[in-house]
Amino acid sequence: MKDPKNLEIEVAKLVSEILGETVGSDASRLTVARWDSLKHMEVIFAFEEAYGVRLDEAEMAALSSVKGLAERAMKQA
Amino acid sequence: MRHQHVIAGEAFRLRPIAERDAEFVVALRSMAGRSQYLNPISPSIDNQLKWLADYFKREGDYYFVIERIVGERPEGLISLYDLSTHDGSAEWGRWIVAPTSLSAIESLVLLMDFAFDKMHLQKVYSYTVAENSATNSFHDGCGFRRAGVQVARFNMEGRAIDAVKHECAASEWAALRPALAAKSQKISQRINRDAPGR
């Protein structure tokens, strides 16, 4: 099982690549302006592909932070 | 104005707003996290009905409810207004979607299709509160062109607020549409696949 902290760093890197802006483990849609509705869907689909996760619609809307996504990836592992 | 246009997409459609939507409008516009950059409205349903009564008399104003096709659930609002036959332009706005809704991209594509394909406009524009970084980022990400900042465009509770103007001409939309429609389709396919009974 992956270390939760390492997973957060990994997810932050993935989100950074999509947003074109370096974000940390504490990043969320509330704190990063560029993480808008358009980019959010790109983040979600890239996350699903990277971690072999299939999110339901409620999760797609609700998972709006690096920590939340990392926790979801951990649940899948 | 009391129009009859329904613009259907894959997971969502835009339908004309009606009196029965007054409660939904008040609830959505008063929602925490959604009201920060909107003109405050009265929490009274009666006042919203009065606003709608005025709206129904106004020409060149197309106010839509963004509705999920399966289940006909309202999830947002969007408008095209201030239509000018002189230069074929209109403003779009009053755009707000529920925090749990994935209708943002499809509703935008549907409204642009309405503006350019049905209304045959030459140009649309929007004004967004300058401090609303997320929405301005969304418009930038869509490829809409920044056309300046209008100082003190809005007045919210006595405070003058600047606005960023974005524009999109019909020719620009033709170039931007494929990428946005592809994103919208990907989301809609997922929504429809996961819909109960499918």
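Values reported hereafter were calculated over all heavy atoms of this structure, with side chains retained and with hydrogens, waters and symmetry mates removed. Each chain gets a letter, A, B and so on, in the order its sequence line appears, and its residues count up from 1. Just so we're clear, the structure is a prediction, and the values are computed from it rather than from any experiment.
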Exercise for review: Kindly check if the number of other-residue, nucleotide or ligand heavy atoms within 6.0 Å of CZ (B/R159) is above 12?
Suggested key: no
Point to revise | Cluster check B/M1, B/F64: I/L/V/M/F/W/Y, side chain < 4.5 angstrom | key: yes
Check your understanding: Closest approach of B/S133 and A/A33, non-hydrogen atoms and distance?
Key -> CB-CB, 3.2 Å
**Study point:** Proximal component of B/L108, with respect to chain A [non-hydrogen, under 4.5 Å]
**Key:** neither
Review point. Any link between B/Y55 and B/F24 through a network of hydrophobic side chains (Ile, Leu, Val, Met, Phe, Trp, Tyr) touching at under 4.5 Å?
Key: yes
**Study point:** Heavy-atom pair of closest approach, residues B/F138 and A/D36
**Key:** N-OD2, 3.2 Å
Practice item. Check whether any side-chain heavy atom of A/M60 lies under 4.5 Å from a side-chain heavy atom of B/R190, and answer yes or no. Key: yes
Exercise for review: Look at atom NZ of B/K118 and say whether more than 12 heavy atoms of other residues, nucleotides or ligands are closer to it than 6.0 Å.
Suggested key: yes
Revision key, fill the gap. From the list A/E57, A/H40, A/K39, A/E42, the residue making the most non-hydrogen contacts under 4.5 Å with chain B is A/E57
Study note, to complete from the structure: Heavy atoms of B/I105 and A/L38 approach each other most closely as CD1-CD1, 3.5 Å
Exercise for review: Mark yes when over 12 heavy atoms from residues, nucleotides or ligands other than B/E23 sit less than 6.0 Å from its CD; otherwise mark no.
Suggested key: no
